[in-house]
Amino acid sequence: MIDYEPVIGMEVHAELLTESKMFCKCKVDFGGAPNSRVCPVCLGLPGSLPVANEKAVEYVVRAALALNCTISEESLFHRKNYFYPDMAKNYQISQYDFPIGSNGWIDITVDGDTRRIRIRRVHLEEDTGKLIHAGGNESLVDYNRSGLPLMEVVTEADIHSAEEAREYLVRLRAILTYLGVNDGKMEEGSLRCEPNISIRQKGTAKLGTKTELKNLNSFRAVFSGVQYETERQTNVLNEGGKVIQETRRWDDANNRTASMRVKELEQEYRYFPDPDLVALHFTTDYIERQRSILPELPDEKKTRLMEKWGLPAYDAEIITDSRAMADFFEETVEHCPDAKTVSNWIMGDLAKLLNAAGLDISDCKVKPVDFARMLTLIQEGTISGKIAKGVFDDMFETGKAPDAIVKSGGMTQISDEHEILGVIDRVLGENSEAVAKIAAGDMKPMGFLVGQIMRHTQGRANPEVVNRLLKKRVAEPAN
Amino acid sequence: MELFQLTAHELHKKLKSREISALELTQSVLGRISSVDGQVRSFVTVTNEIALETARAVDKQIAGGGDVSPLAGIPIAIKDNMCTNGVRTTCSSKMLENFIPPYSATVVEKLAEAGAIMVGKTNLDEFAMGSSTENSALFVTHNPWNLDKVPGGSSGGSAAAVAADEAVLALGSDTGGSIRQPAAFCGVVGMKPTYGRVSRYGLVAFASSLDQIGPITKDVTDTAILLGAISGKDSMDSTSVDIPVPDYTAALKNDVRGMKIGIPKEFFAQGVRPEISEAVMKAVEALKALGADYKEVSMPIMEYTLPTYYILAPSEASSNLARYDGVRYGHRSKHSSDVMSMFMKTRDEGFGAEVKQRIMIGTYALSAGYYDAYYLKAQKVRTLVRQAYDEAFEEFDVLISPTAPSVAFGIGEKANDPLEMKLADVCTIPVNMAGIPAMSMTCGFYDGLPIGMQIMGKPFGEETMLQVAYTYEQNTDHHTMKPGL
């Protein structure tokens, strides 16, 4: 059997977090009644004209810089002409041969190997409206989305596995959300990913026929979709078939892709410069000013966390995938400098609870300072690690401070030797058989006895003290 | 003299001194429309009620004291390709026959603020594509000087309305001569300002990089007044230019001494009738007698402007007119079974032959494989045209040529000869290609029909043009002639 590898290029569309639309003053927002955020411009009424949103241009320049792109001195808007009912003008204002940014890259790490994914271009365009099929022979159009500013990021075909595809998207999303230009919400469609996938015999250069994947609404879908499509194409070729050029839709419920439409011809878009808009000119001053206000980006932050707090690369990578997560980490370690413990808790218990609740860390009720306090309570021996998990569940649920929870729940750890000895003696008295076995040299019942002691103290006894005192007691029983 | 016969600056004095009221004036003009428009057919829509209501409001304002703006109370006609909130804007097309815009063009807003009174919307060649107003899908407009002749186009309705005293002022739009050529045919003054001088927001686009709104008036002074009122940077139009608007009336000086006039010989070739060349040269001699100097200049690139224009304008039009698909507004075919057939039948039924032809030419010129040979090449020619003008203006203050190769032709005469029809714009098209300003004014008559002289100026050189035009007007009496309606 021939060994194939996938060759993947990614197109990502990111809605920009501007206040108004790309070419008019309509508000950018979600929800609301259909066609409630429209005006002559985004409805394409006769005589209306577009005016480019400077903030959107600025956002794309910043994103392009963060993606290590070259910024064009002159950038043009082109019209992409095609007929579709969700298009207010039957052309989309986009960019063609003079995009804002080009020739950039992102480094990704998969299984410890770092690879460079080249970015071909970063450009700005307007979104289309949305078709709603009303049933029967009728369709409705909602133009609220028409004219939203959309940034497109296109890679070279440098991606060669589903893991890389997912990791590329994770890092791209991190960069865009760090910049604050996109909210990263794939489920809501504000970050949309469309990979082009073909396969080729490993070690050869000739590219196969590609398919384009749509409807990938999560990182998991990107991974599974690319993996499925790679396997599907491999099977087609192994069975002597031919891959056809088409757009395929990821079916999340059934975990498979299905054909949407076959691309028989190259689409004819009749691109030409939009005469209603003037060229964008970027001076070196402007570009450098934008560069100077870039925030710390994921890679820089990762390096810094490793250097400053001694985090392992793996932890630093995961923590910096989200700016909010990294901020949470940093605020916590300010108050509880045991960085590894903090990152363990964030990647473990906190991530688990967030996932289960379907929340982003930015929605989390636990304040970093309280989180740090809880970890300190463990370190100081006030509560046990086991108790701490319950306390943390409560903090996550209610946002209460850990001290309050511990106090009201009587969860303080018992380390007082006198108190613990009392319990030990009671347990030993109740379990003479076990004591006898131990006396005969069979140490097995020790674990059972520890369990009984913890049960009597509702788990609050300091395990270390219990172990020490118990050992001592069975070795030299009191009277 | 009836009120409707006067110019805006004459009427302004009477309004300001309260010799007349805006209501009286408006009634006079509306009366004129109802008595002659049955023959001339300038108007697609007459906005009687709005006009009277506005006039009353203006009178109230004047009575309240304070400044009376030069346009307050002055009746004006608007070409029906400029959006008017709540008033049907048809572009003289079946496609938009019942389209009522929910917003007004910036120029319409500016006029309203200045207190001008819109009396109606005027006929045009469908979507401004044509040179005779015969391409209107609604009806044909007649030349007030001779009802068997065309008024020119595409702003034929606006030019005819001013010539027939159905409006004191009018707005036209000019993509390849659509203000200047009908102004010439109808014996009025028409100006295409520098590209970017006037906002295009709300002007239904034909060819965005060439379209420009401008005044059509009875004399040069009114052109200066109206130009001042509509000019200026508009935040809604990225292509409008942020250059301060001067007081154009200050440029109205009866003095051309030392002025250097270029006579581009290519504009006198290409089928220009001898009677036209003679009249224009006579006017140039008159200016020379008043102290100007003139010299012939050659601009060989002009030979290529017509074919170049007929690639660029249709290319942009093919995209601009794509939005008329029956989904959101305008005509929608009742005979469609799915979205694609709705698009196709709507456009088939809604557009006239000339519009369809231009959409097809433009679609072709922009297609992969042809783009470089047509659109891109045409853009390069355009750059050369601009350079040719730049060079000429290093030497000359203005250039003078005929506006059109002939006087107004007969209705139906060129309907079957599209090439001959397009040659009617040969003198005006280069101006749009270069984005420079130009105006047309009457410099004589032939066969009872006005002859137009075109004055071309440097970018944002409207003042110099106006000065030359004003001087010529002050020393001649063509502008006092009225058609015998």
Side-chain angles (χ1 to χ4, degrees), chain A residues 23-25 35 38-54 57 76-93 96-97 128-129 131 133 137-143 146 265-280, chain B residues 81-83 89 91 95-96 99 101-106 127 199-205 207-211 234-240 312 315-316 318-330 337-340 342-344 347 362-369 371 375-376 379:
Chain A
F23 295 112
C24 62
K25 291 172 186 145
N35 298 310
V38 292
C39 73
V41 178
C42 57
L43 281 178
L45 291 191
S48 64
L49 295 172
V51 175
N53 181 334
E54 278 176 37
V57 172
L76 296 179
F77 287 107
H78 272 64
R79 292 187 185 176
K80 181 180 181 179
N81 296 282
Y82 65 100
F83 280 83
Y84 205 69
D86 65 6
M87 300 259 291
K89 306 179 290 295
N90 284 320
Y91 61 80
Q92 178 191 26
I93 304 176
Y96 187 53
D97 45 4
T128 62
L131 278 184
H133 297 286
N137 221 2
E138 301 254 291
S139 285
L140 304 171
V141 202
D142 177 4
Y143 290 101
S146 172
L265 304 166
E266 239 353 87
Q267 267 274 13
E268 169 66 88
Y269 290 125
R270 303 190 306 282
Y271 279 102
F272 75 105
D274 192 329
D276 287 331
L277 290 158
V278 290
L280 303 169
Chain B
N81 62 349
M82 296 172 213
C83 286
T89 300
C91 290
M95 190 62 93
L96 294 177
F99 173 64
Y103 79 106
S104 285
T106 298
F127 284 102
S199 168
R200 292 185 295 116
Y201 189 73
L203 168 68
V204 180
S208 317
S209 74
L210 301 159
D211 296 343
D234 179 10
S235 65
M236 299 299 280
D237 177 0
S238 322
T239 63
S240 65
L312 294 178
S315 293
E316 293 183 16
S318 71
S319 174
N320 282 334
L321 273 66
R323 67 190 65 193
Y324 307 109
D325 58 9
V327 172
R328 292 158 297 274
Y329 47 78
S337 49
D338 56 32
V339 170
M340 251 325 138
M342 182 179 94
F343 284 174
M344 295 203 285
R347 292 168 67 77
T363 304
Y364 183 86
L366 288 176
S367 295
Y371 181 86
Y375 184 84
L376 212 59
Q379 286 292 17

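All chains are named by letter (A, B, ...) in the order of the sequence lines, taking the proteins before the strands, and each is independently numbered beginning at 1. Just so it is clear, the structure is predicted and the values come from calculations on it, not from any experiment.
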So which part of [X] gets closer than 4.5 Å to some heavy atom of chain A, the side chain, the backbone, both or neither?
X      : answer
B:S235 : both
B:Y201 : both
B:A368 : both
B:T363 : both
B:N320 : both

message: For chain B, which candidate among A:P273, A:A52, A:S139 shows the most heavy-atom pairs at distances under 4.5 Å?
response: A:P273
statement: Given A:G44, A:P40, A:G47, the one with more heavy-atom pairs under 4.5 angstrom with chain B than any other is A:G47
With rounding to the nearest 0.5 angstrom, report the [atom1] to [atom2] distance, [X] to [Y].
X      : Y      : atom1 : atom2 : result
A:F272 : B:S318 : CZ    : OG    : 6.0 Å
A:K25  : B:M236 : NZ    : CE    : 5.0 Å
A:L43  : B:Y329 : CG    : OH    : 8.5 Å
B:S319 : A:R270 : OG    : CZ    : 7.5 Å
A:L49  : B:T239 : CG    : OG1   : 6.5 Å
A:N90  : B:D325 : CG    : CG    : 4.5 Å

Which atom of [X] lies closest to which atom of [Y], heavy atoms considered:
X      : Y      : result
A:V141 : B:V327 : CG2-CG1, 4.3 Å
B:Y324 : A:P46  : OH-CB, 3.5 Å
A:P85  : B:R328 : O-NH1, 4.0 Å

task: For the residue pair A:D276 and B:R200, establish whether any side-chain heavy-atom pair is separated by less than 4.5 Å.
output: yes
message: How about OH on A:Y271, more than 12 heavy atoms from neighbouring residues, nucleotides or ligands closer than 6.0 Å, or not?
response: yes
query: Is the side chain of B:R323 donor-acceptor paired with the backbone N or O of A:L45 at a distance under 3.5 Å, no angle test?
result: yes
Winner by heavy-atom pair count (cut-off under 4.5 Å) against chain A, out of [options]:
options                        : value
B:L96, B:T89, B:V204           : B:V204
B:S199, B:S315, B:S208, B:S337 : B:S208
B:P101, B:G330, B:S367, B:C83  : B:S367

- line: Across all chains, not counting sequence neighbours, the side-chain hydrogen bond (donor to acceptor under 3.5 Å, both in side chains) partners of B:Y375 are B:Q379
message: Between A:Y91 and chain B, with a heavy-atom cut-off of 4.5 Å, which part of the residue counts as in contact: side chain, backbone, both or neither?
response: side chain
- prompt: So what's closer than 4.5 Å to chain B heavy atoms on A:Y84: side chain, backbone, both or neither?
  reply: backbone
